[in-house]
Amino acid sequence: MELSKYPLKTYKDTPSDAELVSHQLMLRAGLIKKLASGLFTWMPLGLRVLRNIEDIVRAEMNQSGAFEILMPAIQPSSLWEETGRWDEYGNLLLKIHDRHDRLFCFGPTHEEVITDIVRKEITSYKQLPVNFYQIQTKFRDEIRPRFGVMRAREFQMKDAYSFHFDQSSLDNEYDKMANTYNNIFNRIGLNFRKVRADSGEIGGSMSHEYHVLADSGEDEIGYCDEENYAANVEMIDSKSAPNGGLLSFTRGIEVGHIFQLGDKYSKNMGLSVLDHEGQKISPLMGCYGIGISRIVAASIEQNHDEKGIIWPEHIAPFDYIIIALNNKNYDITSKAKEIYEAIKSSGREVMIDDRDERAGVKFAEADLIGIPNQIIVSKRGLDQGTIEHINRSSGVKEDIAINELVEKISG
RNA sequence: CGGGGCGUGGCGCAGCCUGGUAGCGCACCUGAAUGGGGUUCAGGGGGUCAGAGGUUCAAAUCCUCUCGUCCCGACCA
């Protein structure tokens, strides 16, 4: 991608309504634009990050054996009345009417819809267990949206729902999802922690949250490494861990939540399958969410410095940015272009700053948008047959012979 | 919903107290110089001050209401 043609606008001044560093940097780096409270447009650079996260989540979910589907964002009120959640959920539900004056809501979550699908599709124990997931836009009319995409009203979420013949099958899947979540958050490059949690509105017995550790987090976590115990403080009623260990406290951003729902939804919605003896049983359910768009902000909270964002390599919008210093010098621009094409054909995502800007501007913006690898092409380097590689994260600079560069990258 | 702050070109702000029809920085356009950390100089375009009503000869400025937005709280799979 050539930056001279890329619709990227960055800002030196911090927008006044952004409180969190991640929110400030997302706006300054041109990743998102606010439309209204809790509603954001993902601009090209930001969307690349979002898609990278989605891709990782999708790959790991597929790997776990779950099936991707896509349910409607709009849901009829009747389904929600079956579970009693039309009233329970209250104003968090964005309620809307169609032209026939029928009532719908913009889905904040999809237990009702998936249970409806399964009660029509799954009729035998032989079809269990099964796990369906989707990556989709949700809407929750939050009382107080804040911190940009961290607590937006409209956001991207991966939600998965599993169905089981018995508890051991549910336990199995629950563990498998926990494992999958570990893989996902590790690949994304987050420093996170799995903690015990309250099930809240959604119901059910067992649940764990995945928190990205950050001082700016909205939740407080109590933990004890000796006992390998961690829980949301909402769950803690004493000052010590279960076996008496001392608790330490930290703050976290909830990016994932897994639940065992039991038979709450299957019972309320009349989902049943036949067992070996032809008797009806109510399948047990699990549900597993990941806040895709929230992860973008959470990642920035963990990975930034005074100059800007530092993307972990697997979610970075581009792997490399080639900075051609001095556009008036044909040798530089043509060599930069040559390197650009070479990296591109090696399969890495690369951006070239081919704008007629001063070195300072190019460095500052490259730092701000956080591309992991900066390749500097300059007269100074060309005279000795090298380019300079700067690692955004470590700051380490290294001169590399031009003819070795591509080799190094592909290797 | 309760409390507080703020709304002035795309962004950040000043002006408001002590009314007299709008200013600065960034960004943008043109030209020139410069060319390794948001460079410099010159020229230029863009806002009627969130909206409505009121006071006044005169309102960005004073008064009232409405809307928007942010923060704290309550709330939150």
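Computed from heavy atoms alone, side chains included, the values below leave out hydrogens, waters and symmetry copies. Letters A, B, ... are given to chains in the order of the sequence lines, protein chains preceding strands, and every chain is numbered from 1.
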Pairwise C1' distance, B:rA74 and B:rC67 [rounded to whole Å]: 24 Å
A:E60 side, atom CD; A:Y133 side, atom OH - distance, nearest 0.5 Å: 10.5 Å
Atom pair distance, as rounded to whole Å: CZ in A:R144 and C1' in B:rU69: 12 Å
Watson-Crick or G-U wobble mate for B:rG19, both contacts under 3.5 Å: none
Any N/O donor-acceptor pair, A:R146 side-chain to B:rC70 base, under 3.5 Å: no
Donor on one side chain, acceptor on other, A:S22 and A:H304, under 3.5 Å: no
Side-chain N,O (A:T14) to OP1/OP2 (B:rC11) below 4.0 Å: no
Geometric cation-pi criterion, A:R294 with A:F155: 6.0 Å, 45°: no
Ring-face cation contact, A:W86 with A:K95, 6.0 Å cut, 45° max: yes
Opposite nucleotide pairing with B:rC49, Watson-Crick or G-U, both atom distances under 3.5 Å: none
Same-atom distance (P) from B:rU61 to B:rC6, integer angstrom: 15 Å
Integer-rounded Å distance: B:rU69 P and A:I143 CD1: 16 Å
Spacing between A:L35 atom CG and B:rC70 atom C1', to the nearest angstrom: 17 Å
Touch class at under 4.0 angstrom, heavy-atom based, for A:F155 against every strand present: base
Pair A:T14-A:Q24, side-chain hydrogen bond (donor to acceptor under 3.5 Å, both in side chains): steps then yes or no: CA-CA 6 Å; A:T14 300; A:Q24 295 174 348; 4.7 Å; no
Euclidean distance, atom CZ of residue A:F147 to atom C1' of B:rU69 [Å, nearest integer]: 15 Å
Nearest-angstrom distance from the residue atom CD of A:Q24 to P of B:rC71: 11 Å
P-based separation of B:rU48 from B:rC57 [nearest Å]: 27 Å
Nucleic acid footprint by protein, nucleotides 30-40 of chain B - heavy-atom cut-off 4.0 Å, B for base, S for sugar-phosphate alone: ----BBBBBB-
Whole-angstrom distance between B:rC62 and B:rC16, as gauged at atom C1': 10 Å
Integer angstrom distance from the P of B:rC11 to that of B:rU64: 29 Å
5' precedence on RNA chain B between A:S16 and A:H23 (nearest-nucleotide basis): A:S16
A:D367 and A:Q374 side chains, donor-acceptor separation under 3.5 Å: yes
Step-by-step side-chain hydrogen bond (donor to acceptor under 3.5 Å, both in side chains) determination, A:N373 to A:H389: CA-CA 7 Å; A:N373 301 286; A:H389 173 266; 2.8 Å; yes
Mate of B:rG43 where both pairing distances stay under 3.5 Å, Watson-Crick or G-U: B:rC29
Worked verdict on A:E357 versus A:N327 for side-chain hydrogen bond (donor to acceptor under 3.5 Å, both in side chains): CA-CA 8 Å; A:E357 291 286 355; A:N327 263 38; over 6 Å; no
Paired nucleotide for B:rA59 [Watson-Crick or G-U wobble; both distances under 3.5 Å]: none
Rounded interatomic separation in angstrom, taking CG from A:D13 and P from B:rA14: 13 Å
Separation of the P atoms in B:rA60 and B:rC17, to the nearest angstrom: 12 Å
Separation of atom CG in A:L27 from atom P in B:rC11, rounded to whole Å: 11 Å
Summary of ring-ring contact (aromatic ring centres under 6.0 Å, His included) pairs that have at least one residue in residues 168-191 of chain A, sequence neighbours excluded: A:Y174-A:H208, A:Y181-A:F185, A:Y181-A:Y210, A:F185-A:F192, A:F185-A:Y210
Any-strand Watson-Crick or G-U partner of B:rG68, both distances under 3.5 Å: B:rC6
B:rG31 versus B:rG45 - spacing of their C1' atoms, nearest Å: 15 Å
Protein-nucleotide distance (A:E88, atom CD; B:rC75, atom C1'), rounded to Å: 15 Å
Whole-angstrom distance between B:rU56 and B:rG19, as gauged at atom P: 16 Å
Identified pairing partner of B:rC75, criterion: Watson-Crick or G-U wobble below 3.5 Å: none
Any A:R151 side-chain N or O less than 4.0 Å from OP1/OP2 of B:rC76: no
